[in-house]
K.L.:
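Quick one: this structure, given as structure tokens, is what I'll be asking you about.
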Amino acid sequence: MITKHKPIDIIGVPFDLGAGSRGCRMGPDAIRCAELIQRLRSEGREVKDTGDIMVPPASSEPVIGSAKAKYLREIVKVNRRLYRTVVASIQNGRLPLILGGDHSIAVGSIAGAGQWKRIGVIWFDAHGDLNTIQTSPSGNVHGMSLAASLGCGHHALTRLGGNQPKIRPEHVVLIGTRSLDPGEEELIRRMGIQLYSARDVKRMGMEEVVQRALAAVSGHTDGVHVSFDMDGLDPSAAPGVGTPVSGGIRLQEAKTAMELIGESGTLISADFVEVNPALDLRNRTSQAAVELMCSLFRMR
């Protein structure tokens with residue numbers, strides 16, 4: 001049984017080598033400066049800021065060998081550290097809330113959350129992040145993290161935290177997706193992954209989409225991990241992201257989703273990623289991230 005009001009551990013990951021543009025390493029501090037801790041405590045939540053994961057410096061050569069995965073060595077190091085931190089947080093009866101950083105850190109978030117449990121994942125993102133080194137057009141690992149968690153991709157990523165896939169495809173739902181590469185589309189078809197595009201959200205309504213998602217990811221699992229890439233929002237609500245895509249979900253729709261997931265009592269961990277203050281306008285993206293987290297962790 002998952003307790004709805006577990007104490008929260010905030011874990012910062014100031015890391016951006018998995019992305020195509022620099023800057024989201026400043027994301028954790030920007031989110032903190034948007035008064036995340038004060039806001040969560042005002043909601044009645046017990047919160048501890050554990051500080052930031054130590055991140056390695058970038059090597060001079062971003063590609064490891066012939067594999068098209070830029071900065072793979074550094075990405076694996078930071079994800080191993082994050083994995084251990086998330087495992088310790090859950091062992092201590094707390095709920096890890098991870099602040100990114102780019103979306104490559106979800107490999108460590110999910111591996112840690114799923115160490116002893118079978119988890120489901122709700123993945124909010126404009127993109128699928130389902131590429132591998134064979135299909136990625138860019139070699140940026142933030143576009144491979146969900147595939148790696150499903151056991152597809154470079155062994156250094158797929159074996160982090162154990163040799164088995166960390167999640168099953170029937171326990172994954174993508175929401176807000178609207179930009180997929182051909183290899184990602186093929187993997188979605190082959191694995192039967194549920195996907196609700198931003199257009200689906202507008203047509204069906206966010207409440208219906210989230211209820212369907214929760215039914216898929218919480219059935220036969222021990223809990224749910226939320227991974228929220230801020231580019232899942234429309235750029236009008238979150239301009240400070242590295243890979244914006246027009247036609248995204250509205251902030252109020254996303255807040256509704258967070259409230260429904262929080263009310264479900266299934267949440268075991270969460271990460272919010274890709275806040276890039278270098279690209280932001282008056283800290284709007286950081287503030288939007290705080291609004292989403294407060295909706296997710298609101299006391300009811």
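Owing to the predicted nature of the structure, the values given are computational and were not obtained by experimental measurement.
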K.L.:
Could you list the residues that satisfy salt bridge (Lys or Arg N to Asp or Glu O under 4.0 Å) with Asp234, not counting sequence neighbours?
P.N.:
none

K.L.:
Please identify each residue that fulfils side-chain contact (heavy atoms from CB on, under 4.5 Å) with Ala111, with sequence neighbours left out.
P.N.:
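In terms of side-chain contact (heavy atoms from CB on, under 4.5 Å), with neighbours along the sequence ignored, Ala111 is linked to Tyr83, Leu160, Lys166.
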
K.L.:
Show every salt bridge (Lys or Arg N to Asp or Glu O under 4.0 Å) that has at least one partner inside residues 90-106, sequence neighbours left out.
P.N.:
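The answer is Asp9-Arg94, Glu46-Arg94.
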
K.L.:
Applying side chain to side chain donor-acceptor pair (under 3.5 Å), can you list everything that pairs with Gln287, at least two apart in sequence or on another chain?
P.N.:
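For Gln287, no residue satisfies side chain to side chain donor-acceptor pair (under 3.5 Å) once neighbours in sequence are set aside.
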
K.L.:
Going by side chain to side chain donor-acceptor pair (under 3.5 Å), name the residues that satisfy it together with Ser269, two or more places apart in sequence or in a different chain.
P.N.:
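Partners of Ser269 under the side chain to side chain donor-acceptor pair (under 3.5 Å) test: His225.
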
K.L.:
Can you list the residues that meet the side chain to side chain donor-acceptor pair (under 3.5 Å) rule with Arg199, with sequence neighbours excluded?
P.N.:
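So Arg199 forms no side chain to side chain donor-acceptor pair (under 3.5 Å) with any residue.
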
K.L.:
Just to verify, what does Arg81 make a salt bridge (Lys or Arg N to Asp or Glu O under 4.0 Å) with, not counting sequence neighbours?
P.N.:
none

K.L.:
Please, which pairs that meet ring pair (Phe, Tyr, Trp, His ring centres under 6.0 Å) have at least one residue in residues 88-121, sequence neighbours excluded?
P.N.:
His103-Trp123

K.L.:
Going by the rule side chain to side chain donor-acceptor pair (under 3.5 Å), which residues pair with Arg284 if we only count those two or more places apart in sequence or in a different chain?
P.N.:
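Residues passing side chain to side chain donor-acceptor pair (under 3.5 Å) with Arg284: none at all.
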
K.L.:
Restricting to salt bridge (Lys or Arg N to Asp or Glu O under 4.0 Å), what partner residues turn up for Arg41, sequence neighbours left out?
P.N.:
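Arg41: no salt bridge (Lys or Arg N to Asp or Glu O under 4.0 Å) contacts found.
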
K.L.:
Using the test side-chain contact (heavy atoms from CB on, under 4.5 Å), find all partners of Pro169 that sit at least two apart in sequence or belong to another chain.
P.N.:
Leu150, Met191, Ile193

K.L.:
Just to verify, what does Asp280 make a salt bridge (Lys or Arg N to Asp or Glu O under 4.0 Å) with, not counting sequence neighbours?
P.N.:
none

